[in-house]
Amino acid sequence: MAYVKAVTTGDLYEINSSQIALKKSQNLKIRQFASRLIEDHTKTMAKTMEVAVKNGLNPPPPALDTGSAASISELQTASTTDFDRLYLGQQIPAHRAAFGLSSYYANAGDDPALRRSAKKEVWAH
């Protein structure tokens, strides 16, 4: 269950931060990147929740943790001049953390169905 919570928290952060990027960024490439992240993380969050529910885990709805909420707040209050740098600066470590979490769980996770789902996510990247 900890994996489901961690992975969906990360997905929700990626979705929310990228929605802000669509509103605030003036850079077409960043807006395209944000759109792709929204699409990808919406799918992975839904799939993870679906697999968890099918396996009787009854996970709580995805929610931001304190750190993710603080990062979102930073993005919301960032000036347009600083936004792109801040957004990309947050995305790189967030993406690495999500990839590392899924990679670890794909190899060592305790739930076979979630492990298979994590493997698909890792291979999609």
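Counting begins at 1 with the first residue of the sequence. Hydrogens, waters and symmetry mates play no part in the numbers below; they use all other heavy atoms, side chains included.
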Classify the angle between the aromatic ring planes of His41 and His95 as parallel (below 30°), tilted (30 to 60°) or perpendicular (above 60°). perpendicular

When hydrophobic residues are tied together by side-chain contacts of less than 4.5 Å, even through go-betweens, does Leu75 share a cluster with Leu88? yes

Counting C-beta onward and ignoring hydrogens, is there a side-chain heavy-atom pair between Glu14 and Met45 closer than 4.5 Å? no

Heavy-atom pair of closest approach, residues Tyr87 and Ser17: CE1-O, 3.6 Å

Please give me the minimum heavy-atom distance between Ala52 and Leu114, naming the atom from each residue. N-CD2, 4.2 Å

Report the C-alpha distance between Lys47 and Glu50 in whole Å, list the side-chain angles of each, state the deciding distance to 0.1 Å, and finish with yes or no for salt bridge (Lys or Arg N to Asp or Glu O under 4.0 Å). CA-CA 5 Å; Lys47 185 62 178 173; Glu50 176 186 325; 3.7 Å; yes

Drop me the distance from Asp84's CG to Lys29's NZ, to the nearest 0.5 angstrom. 13.0 Å

Just checking, is any N or O donor in the side chain of Asp65 or Ser68 under 3.5 Å from an acceptor N or O on the other one? yes

Intermediate values then yes/no, side-chain contact (heavy atoms from CB on, under 4.5 Å), Val4 and Met49: CA-CA 7 Å; Val4 174; Met49 292 295 285; 4.1 Å; yes

Looking at Ala69, is its backbone amide N or carbonyl O close enough to the side chain of Ser73 to form a donor-acceptor pair, meaning the two atoms are under 3.5 Å apart? no

Give the intermediate values and the outcome of side-chain hydrogen bond (donor to acceptor under 3.5 Å, both in side chains) for residues Asp11 and Thr8. CA-CA 5 Å; Asp11 285 333; Thr8 58; over 6 Å; no

Tell me yes or no: between the side chains of Asp111 and Tyr105, is some donor less than 3.5 Å from an acceptor? no

Would you compute the distance between atom NZ of Lys23 and atom CZ of Arg31 and round it to the nearest 0.5 angstrom? 11.0 Å

Interatomic distance, OG1@Thr48 vs NZ@Lys120, rounded to 0.5 Å, equals 11.0 Å

Have a look at Tyr13 and tell me which of Ser71, Ser18, Pro62 forms a side-chain contact (heavy atoms from CB on, under 4.5 Å) with it. Ser71

How long is the span from the NZ atom in Lys24 to the CG atom in Leu86, to the nearest 0.5 Å? 9.0 Å

Asn55 (side chain) donor-acceptor with Val51 (main chain) under 3.5 angstrom: yes

Determine whether Pro112 and Arg115 make a side-chain contact, defined as any pair of heavy atoms from C-beta on separated by less than 4.5 Å. yes

So Arg36 and Asp40, salt bridge (Lys or Arg N to Asp or Glu O under 4.0 Å) or not? Walk me through it. CA-CA 6 Å; Arg36 176 69 189 260; Asp40 290 350; 3.0 Å; yes

I would like to know whether Ile15 and Leu37 meet side-chain contact (heavy atoms from CB on, under 4.5 Å); could you show each step before the answer? CA-CA 7 Å; Ile15 293 164; Leu37 286 181; over 6 Å; no

Would you compute the distance between atom CG of Asp82 and atom OG1 of Thr77 and round it to the nearest 0.5 angstrom? 10.0 Å

For a 4.5 angstrom cut-off between non-hydrogen side-chain atoms, does Leu64 reach Asn16? yes

Asn27 and Phe33: CA distance, side-chain angles, deciding distance, side-chain contact (heavy atoms from CB on, under 4.5 Å) verdict: CA-CA 10 Å; Asn27 183 312; Phe33 175 69; over 6 Å; no

Between Gln26 and Thr80, do the side chains contain an N or O donor and an N or O acceptor separated by less than 3.5 Å? no

Could you give me the CA-CA distance, side-chain angles and deciding distance for Gln90 and Glu74, then say whether side-chain contact (heavy atoms from CB on, under 4.5 Å) is met? CA-CA 10 Å; Gln90 287 184 8; Glu74 272 187 301; 3.3 Å; yes

Is it the case that the side chain of Ser25 and the backbone of Ala21 share a donor-acceptor pair, with hydrogens and angles ignored and the cut-off at 3.5 Å? no

